[in-house]
Asks: 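Take a look at the following structure, please.
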Amino acid sequence: MNKLKNIVILNGPNLNLLGTREPEIYGSRTLKDLEEMCISKGKDCSLNVIFEQSNSESKLVSFIQTAINASEGLIINAAAYSHTSVAILDALNAFAGYVIEVHISDISKREKFRQFSYVSLRADYIIMGRGLEGYIEAIEKMQQELKV
Ligand code: CA2
């Protein structure tokens, strides 16, 4: 049997609070729900999903560095660090695989400070404003791009 391709899904600060606050923006499902949805969708798409969340910028950089040799694709919602982190952009630039940026909300229609994303400077594809469904769409897109 062929080995499944790995993809990494990275989630940034405060996304561990999903489902507990601001349901009008981020919905009522939890990060655990999202993880289960992504792993299950990954199986449907013959992809092995490695799902991570951290509130720490340095841990997110380290996850990206680990992905350099372990994964062909990266789906990232860097949350607030999307708007501030050159360190995450530099790490993404060292990753040769396919990168999809996901935002649950439509950052282009929110406050001015959310409308710029460093991650977008590297992302091959961007999904925003689709709720948690955006992650599912990202996995489908990854399947197409990695020709699984
Ligand atoms: O829309 C997105 O996915 C964001 O990346 C979410 C970030 C925000 O800083 C970005 O501008 C857009 C915030 C994640 C915080 O998530 C929470 C979820 C529930 C309760 C509180 C925060």
Side-chain angles (χ1 to χ4, degrees), residues 5-45 47-68 70-146:
K5 288 187 179 177
N6 287 334
I7 63 163
V8 173
I9 301 183
L10 281 186
N11 294 283
N14 297 307
L15 285 165
N16 55 312
L17 299 178
L18 270 181
T20 67
R21 303 260 194 296
E22 303 189 75
E24 65 292 352
I25 304 176
Y26 301 115
S28 54
R29 284 176 292 183
T30 64
L31 186 70
K32 188 76 204 157
D33 294 333
L34 177 61
E35 177 173 7
E36 285 169 9
M37 283 165 54
C38 289
I39 288 171
S40 162
K41 181 68 185 179
K43 281 187 185 138
D44 294 345
C45 294
L47 291 167
N48 181 45
V49 169
I50 300 157
F51 189 94
E52 305 281 5
Q53 187 274 333
S54 180
N55 294 328
S56 149
E57 184 178 25
S58 76
K59 280 199 181 139
L60 292 165
V61 167
S62 296
F63 283 139
I64 297 166
Q65 290 184 5
T66 302
I68 290 172
S71 171
E72 293 184 39
L74 188 60
I75 295 171
I76 179 164
N77 182 351
Y81 289 138
S82 313
H83 317 301
T84 63
S85 180
V86 176
I88 287 176
L89 173 62
D90 287 345
L92 289 172
N93 280 332
F95 177 78
Y98 199 78
V99 176
I100 304 179
E101 177 178 18
V102 171
H103 293 283
I104 298 168
S105 62
D106 184 349
I107 57 172
S108 72
K109 298 203 169 78
R110 295 187 65 188
E111 303 96 319
K112 198 98 198 130
F113 66 85
R114 293 187 203 275
Q115 291 176 16
F116 172 78
S117 164
Y118 283 99
V119 173
S120 297
L121 301 178
R122 164 64 181 89
D124 297 297
Y125 194 74
I126 303 169
I127 298 172
M128 60 173 79
R130 309 278 297 133
L132 299 193
E133 189 57 31
Y135 287 77
I136 300 300
E137 291 173 18
I139 294 168
E140 285 170 356
K141 175 72 177 165
M142 198 59 89
Q143 181 190 29
Q144 287 167 20
E145 292 298 326
L146 299 186

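The figures here come from the full heavy-atom set of this structure, side chains too, leaving out hydrogens, waters and symmetry mates. Atoms within a ligand are numbered from 1 in the order they appear, just like the ligands themselves.
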Asks: Using heavy-atom distances only, which candidate in Asn11, Thr20, Asn14 approaches atom 22 (C) of ligand 1 most closely?
Replies: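 Shortest heavy-atom distance from atom 22 (C) of ligand 1: Asn14.
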Asks: If you have a sec, work out which protein heavy atom is nearest atom 18 (C) of ligand 1 and how many Å separate them, to one decimal?
Replies: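 For atom 18 (C) of ligand 1, the nearest protein heavy atom is Tyr26 CD1, 3.5 Å.
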Asks: Distance check, rounded to the nearest 0.5 Å: Met128 atom CE versus Ser108 atom OG?
Replies: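 OG of Ser108 is found 5.5 Å from CE of Met128.
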Asks: Roughly how far, to the nearest 0.5 Å, is the CD1 atom of Ile100 from the CD1 atom of Ile76?
Replies: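 The CD1 atom of Ile100 is 12.0 Å from CD1 of Ile76, to the nearest 0.5 Å.
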Asks: Count the heavy atoms of every other residue, nucleotide or ligand shown that sit under 6.0 Å from CZ of Arg114, and state whether that count exceeds 12.
Replies: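 Enclosed.
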Asks: Is any N or O atom of Ser105, backbone or side chain, closer than 3.5 Å to an N or O atom of ligand 1?
Replies: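 Such a contact does occur with ligand 1.
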Asks: What protein heavy atom lies closest to atom 14 (C) of ligand 1? Include the residue and the distance to one decimal.
Replies: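 Answer for atom 14 (C) of ligand 1: Leu15 CD2, 3.8 Å.
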Asks: Hey, looking at atom 8 (C) of ligand 1, which of Arg114, Glu111, Arg21 has the closest heavy atom?
Replies: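 It is Arg114 that holds the nearest heavy atom.
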Asks: For ligand 1, is any non-hydrogen atom under 4.0 Å from Ile107's backbone (N, CA, C, O), its side chain (CB onward), both, or neither?
Replies: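 The part of Ile107 near ligand 1 is the side chain, not the backbone.
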Asks: Would you give the length of the straight line joining atom CD1 of Ile75 to atom CD1 of Ile50, rounded to the nearest 0.5 angstrom?
Replies: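 These two atoms lie 11.5 Å from each other.
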Asks: Nearest protein heavy atom to atom 2 (C) of ligand 1, by residue and atom, and its distance?
Replies: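 Sorting protein heavy atoms by distance from atom 2 (C) of ligand 1 puts Ile104 N, 3.3 Å first.
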Asks: Pick one of side chain, backbone, both or neither for how His103 approaches ligand 1, counting any non-hydrogen atom pair under 4.0 Å.
Replies: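 It is both backbone and side chain that touch ligand 1.
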Asks: So with a 6.0 Å cut-off around OH of Tyr125, is the heavy-atom count from everything else above 12?
Replies: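 Not buried by this count: 12 neighbours or fewer within 6.0 Å.
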Asks: Numbering the atoms of ligand 1 from 1, which are under 4.0 Å from a heavy atom of Ala80?
Replies: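 That gives atoms 9 (O) of ligand 1.
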Asks: For atom 21 (C) of ligand 1, what is the nearest protein heavy atom, given as residue, atom name and distance?
Replies: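 Protein heavy atom at minimum distance: Glu22 OE2, 3.7 Å.
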Asks: What's the separation between atom OG in Ser82 and atom NE2 in His103, rounded to the nearest 0.5 Å?
Replies: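 Going from the OG atom of Ser82 to the NE2 atom of His103 covers 4.0 Å.
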Asks: To the nearest 0.5 Å, what is the distance between CG on Leu47 and CG on Asn6?
Replies: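 If I round to the nearest 0.5 Å, the distance is 9.0 Å.
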Asks: Which residue and non-hydrogen atom of the protein lie closest to atom 11 (O) of ligand 1, and at what distance in Å?
Replies: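 It is His83 NE2, 2.7 Å.
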Asks: Is there a side-chain contact between Phe63 and Val8 in this structure, where contact means two heavy atoms from C-beta onward sitting under 4.5 Å apart?
Replies: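 Phe63 vs Val8: side chains apart.
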